[in-house]
Amino acid sequence: ILPPSPRPSPARGGRGGIREQLPRFLVLLCSAVILLSVDVGVSNCAGGPTRPRRKPLSMSVGFFRNKIDLDTAQTEKMQHLLFEYDKETTTRGTEVELREMEFTEQLNRNDLDYAELEARLKEITTLQAGLGSFKIRKLIEARQFLNDDQYKKYKKQLLKIFFQ
């Protein structure tokens, strides 16, 4: 049983005491644990690597050229597309990592501010969603210069790369 809280209750215009905030905090904490346990492929919430960074896709253009039979013009377009993909996903992924580290640091403080934690958590999920959307959008751009058979092979190879 929790002791009475010295904070004013919501009925008196305050944010509420520990008893009122505990359920909200537990939901927020569980959400944070789930969010931070989702591996973005480069870090964990402590800032250390969870697995080795993958080889940049732009380094795989020869692989794609051979597997999906790209001509010279398609190879150049694929090289540019994969370079832009790698550059932006690295930048955005780093931004997500930094926000996760800040969130973890905030969780470790003694004076937890629930509204601030919630805002930080929403910021992280927004950044992750934006990163996911960008990845999909950029990789689908290859459809513009690949024929149907090449695109099928391309999607098959991407699934192998992303889900190995």
Side-chain angles (χ1 to χ4, degrees), residues 24-109 111-164:
R24 184 173 174 206
F25 175 72
L26 290 176
V27 168
L28 179 63
L29 184 60
C30 289
S31 299
V33 168
I34 291 168
L35 173 69
L36 295 176
S37 68
V38 174
D39 183 12
V40 293
V42 290
S43 76
N44 61 25
C45 59
T50 55
R51 62 181 174 181
R53 290 185 183 265
R54 67 162 173 77
K55 179 176 147 185
L57 283 180
S58 56
M59 302 291 285
S60 304
V61 76
F63 172 79
F64 281 110
R65 181 181 55 237
N66 296 332
K67 288 286 184 180
I68 61 177
D69 304 318
L70 298 176
D71 62 30
T72 306
Q74 288 174 320
T75 301
E76 288 176 10
K77 290 176 183 176
M78 182 67 77
Q79 178 70 42
H80 178 72
L81 182 136
L82 295 177
F83 173 76
E84 290 297 319
Y85 172 88
D86 286 336
K87 185 172 77 173
E88 191 67 21
T89 55
T90 299
T91 302
R92 290 183 184 208
T94 301
E95 186 69 23
V96 169
E97 285 180 65
L98 290 172
R99 295 297 176 260
E100 288 174 344
M101 288 168 45
E102 291 167 354
F103 182 83
T104 302
E105 180 184 7
Q106 204 169 5
L107 272 177
N108 291 330
R109 292 195 323 227
D111 60 332
L112 293 175
D113 181 345
Y114 305 110
E116 198 176 314
L117 283 169
E118 203 167 30
R120 180 84 57 183
L121 189 60
K122 286 179 183 178
E123 180 183 12
I124 292 169
T125 55
T126 300
L127 287 170
Q128 287 176 327
L131 176 58
S133 295
F134 170 80
K135 286 178 175 182
I136 292 167
R137 190 172 52 252
K138 198 66 176 174
L139 293 175
I140 290 177
E141 281 182 26
R143 183 70 182 111
Q144 297 171 0
F145 58 85
L146 298 176
N147 64 38
D148 291 340
D149 187 49
Q150 288 173 321
Y151 190 66
K152 271 188 216 175
K153 292 176 185 177
Y154 171 74
K155 284 192 307 187
K156 184 178 178 182
Q157 293 306 317
L158 285 180
L159 291 175
K160 285 181 183 178
I161 289 170
F162 289 134
F163 298 108
Q164 58 181 339

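We use all heavy atoms of the structure for the numbers below, so side chains are in, but hydrogens, waters and symmetry mates are not.
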* Asked: Counting distance only, does the side-chain N/O of T125 pair as donor-acceptor with the main-chain N or O of K122 below 3.5 Å?
  ->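 Side chain of T125 to backbone of K122: a pair is present.
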
* Q74 side chain to D71 backbone, donor-acceptor under 3.5 Å ->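 Checking the backbone N and O of D71 against the side chain of Q74, a donor-acceptor pair under 3.5 Å is found.
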
* **side chain to side chain contact (heavy atoms under 4.5 Å, CB included) between L117 and L121, intermediate numbers included** => CA-CA 6 Å; L117 283 169; L121 189 60; over 6 Å; no

Mind checking what makes side chain to side chain contact (heavy atoms under 4.5 Å, CB included) contact with [X], not counting sequence neighbours?
| X | answer |
| --- | --- |
| T75 | V61, R65, L70 |
| K87 | F83, E84 |
| R120 | R99, E102, F103, Q106, E123, I124 |
| N147 | D149, Q150 |

* To do: Tell me, please, which residues at least two apart from D69 pass side-chain hydrogen bond (donor to acceptor under 3.5 Å, both in side chains).
  =>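 Here the qualifying residues are K153.
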
* side-chain hydrogen bond (donor to acceptor under 3.5 Å, both in side chains) with D148: which residues, sequence neighbours excluded? ->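 Testing D148 for side-chain hydrogen bond (donor to acceptor under 3.5 Å, both in side chains), a comparison that skips the adjacent residues, returns R143.
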
* To the nearest 0.5 Å, how far apart are CZ in F145 and CG in L81? ->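 F145 atom CZ to L81 atom CG measures 5.0 Å (nearest 0.5 Å).
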
* Asked: Say you draw a straight line from CD of E118 to CG of D113; how long is it, rounded to the nearest 0.5 Å?
  ->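 So the gap between those two atoms works out to 10.0 Å.
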
* Does the side chain of I136 come within less than 4.5 Å of I140's, by heavy atoms? ->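 Yes, at least one pair of side-chain atoms sits under 4.5 Å.
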
* **Side chain to side chain, M78 and Y154, heavy atoms closer than 4.5 Å** =>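 M78 reaches Y154 side chain to side chain.
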
* To do: In sequence, state the C-alpha distance, the side-chain angles, and the governing distance for Q128 and E95, and then conclude on side-chain hydrogen bond (donor to acceptor under 3.5 Å, both in side chains).
  => CA-CA 9 Å; Q128 287 176 327; E95 186 69 23; over 6 Å; no

* Asked: Charged N to carboxylate O under 4.0 angstrom, R92 versus E88?
  ->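 Here R92 pairs with E88 in a salt bridge, since their nearest N and O are under 4.0 Å apart.
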
* Asked: Which atoms form the tightest heavy-atom contact between Y85 and F134, and what is the distance?
  ->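 In this case the closest contact between Y85 and F134 is O-CE2, 4.1 Å.
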
* To do: Begin from the C-alpha positions of R109 and E105 and carry the test salt bridge (Lys or Arg N to Asp or Glu O under 4.0 Å) through to its verdict.
  => CA-CA 7 Å; R109 292 195 323 227; E105 180 184 7; over 6 Å; no

